[in-house]
Amino acid sequence: MPDLQHVFAYVDAHRDEFLARLFAYLRQPSISAHKHGIGETAEHARGLLERAGLGGSRVVPTAGGPMVMAERLAAPGKPTVLIYGHYDVQPPDPLELWESPPFEPTIRGGKIYARGVGDNKGQHLAHILAIESLLASQAELPCNVKFLLEGEEEIGSPQMPPFVAAHREELRADLCVISDGTVDESGKACVRFGVRGVLSFELRARGAKRDLHSGHWGDVAPNPIWTLVQLLATMKGPDGRVLIEGFYDSVEPQTELEKQALALMEGDPEGIKRELGIDAFAPHPGGGVAERRSAWPAFTINGLHGGYGGAGSKTVLPCEAFAKCDIRMVERQSADEVWAKLRAHVARHAPSVELIRQGSMDPSKTPLDSPYAAPIQRALALTEGEEPMLHPAMGGSLPEYAFTKTLGIPCFGVPLANADEANHAPNENMEVERFFRGIKTAAAVLVELGQMRP
Ligand SMILES: [Zn+2]
């Protein structure tokens with residue numbers, strides 16, 4: 001058994017140096033939305049992988065931002081872990097709300113403030129520094145490791161699915177570990193087993209070739225806003241049930257383990273209502289808040305536009321209307337399947353309405369009783385001092401299906417950032433101690449996985 005205490009002591013003895021390395025990485029702006037600093041930061045990340053003792057570190061071009069890869073495969077018979085992260089960040093705007101400049105990392109009150117510290121540089125750097133600490137404390141890594149860092153996660157990972165499909169052999173592994181997002185809202189560590197998928201689309205209705213006088217032409221020429229409102233009303237009932245034919249057919253029932261995990265996640269509904277400023281939750285055919293966010297699909301109208309919205313009144317019959325929507329999907333729904341059902345529904349109920357498909361990501365889920373789950377939970381219990389919570393699936397979406405479906409391997413989210421990391425917002429931060437504990441957790445995960453019987 002490799003001695004984790006030596007590894008932890010190494011981490012403790014190198015805090016200043018590790019922090020300096022994090023700060024240098026954070027000073028590299030890498031804003032994918034503006035294509036700013038991506039190439040330079042990819043090269044910086046490659047250097048970090050090489051310095052940690054990983055081999056074959058390389059920047060691999062794609063049609064978009066480059067991927068950064070490296071590996072160390074020197075533990076025959078042991079599992080191979082693919083570690084994924086992203087080196088790009090969200091734009092820092094609005095700049096005036098930052099208490100210190102976004103690309104000048106600053107410590108205040110035990111937290112590191114900088115754009116990208118939690119999302120995601122600090123989190124994947126913790127894994128890289130864990131490799132370095134393991135190699136400094138013992139001759140070899142306890143299992144085989146591959147790294148994949150992408151540079152376009154914050155713009156929807158357009159290159160990930162084709163890249164993973166085209167590099168199946170290079171990326172072949174037994175499991176994938178992703179440290180992104182935050183620990184449980186309670187502050188407890190958690191293991192995340194899945195994500196919901198997303199399908200965005202737009203509905204466009206048109207009436208006459210120009211806006212008309214509502215007194216002269218109302219109820220003579222079709223009103224595209226009524227067309228959309230009535231179409232939307234056929235898509236979801238007052239009880240919250242989605243009425244698109246066959247919509248729930250492929251939803252996989254929750255396992256007993258998932259039901260238990262979700263029951264433990266149900267927090268305080270009254271507190272959630274107060275926090276959101278609502279008197280009641282939306283009508284829904286299912287259960288509690290955690291169950292809705294994890295185990296049910298959701299159909300949201302993001303925007304409904306058309307006609308006059310200015311001061312006073314305007315007796316107009318508008319000539320066009322738009323609705324933007326997204327559907328969050330759960331395992332085993334897929335974007336293509338839901339899209340086909342949606343098309344059939346619109347064709348049946350409002351054939352004149354144009355339906356435009358936008359971005360999508362499929363859902364992903366790994367079974368809670370995967371053989372790799374217990375070692376990961378043990379590692380977290382060791383560094384956190386308590387058993388982690390188990391999150392069957394996150395409400396939001398990430399391209400994890402590229403790993404679970406394209407590579408066919410289980411995928412585990414091991415978030416290291418505090419729940420109030422303010423990712424995507426001004427004053428993004430990560431607690432200093434969570435960064436160092438993250439390095440220890442990442443090392444413990446590899447050690448525990450290395451103990452598994454083949
Ligand atoms: Zn993000």
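Counting starts at 1 for both ligands and their atoms, in listed order. Computed from a predicted model, the values in this text were never measured in an experiment. Note that these values count all heavy atoms, side chains included, but never hydrogens, waters or copies made by symmetry. Positions are given from 1 along the sequence.
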Sorted by chain and number, sequence neighbours left out, side-chain contact (heavy atoms from CB on, under 4.5 Å) with Pro66 holds for Ile38, Ala42, Val59, Tyr87
State whether Glu71 and Arg58 are salt-bridged, where the test is any N-O pair (Lys NZ or Arg NE/NH1/NH2 against Asp/Glu carboxylate O) under 4.0 Å.
yes
Taking atom CG of Leu149 and atom OG1 of Thr41, what is their separation to the nearest 0.5 Å?
11.5 Å
Distance-only criterion, 3.5 Å: show the donor-acceptor pairs between side-chain atoms of residues 246-254 and protein atoms not counting sequence neighbours.
residue	atom	partner	partner atom	Å
Tyr248	OH	Val242	N	2.9
Ser250	OG	Glu337	OE1	3.0
Ser250	OG	Glu337	OE2	2.8
Glu252	OE2	Arg332	NE	2.6

May I ask you to decide if the ring planes of Tyr84 and His86 are parallel, tilted or perpendicular, using 30° and 60° as cut-offs?
tilted
Near the Zn ion (ligand 1), which protein N/O/S atoms fall under 2.8 Å?
Asp119 OD2, Glu154 OE1, Glu154 OE2, His424 NE2
Qualifying residues under salt bridge (Lys or Arg N to Asp or Glu O under 4.0 Å), relative to Arg21, sequence neighbours excluded
Glu17, Glu132
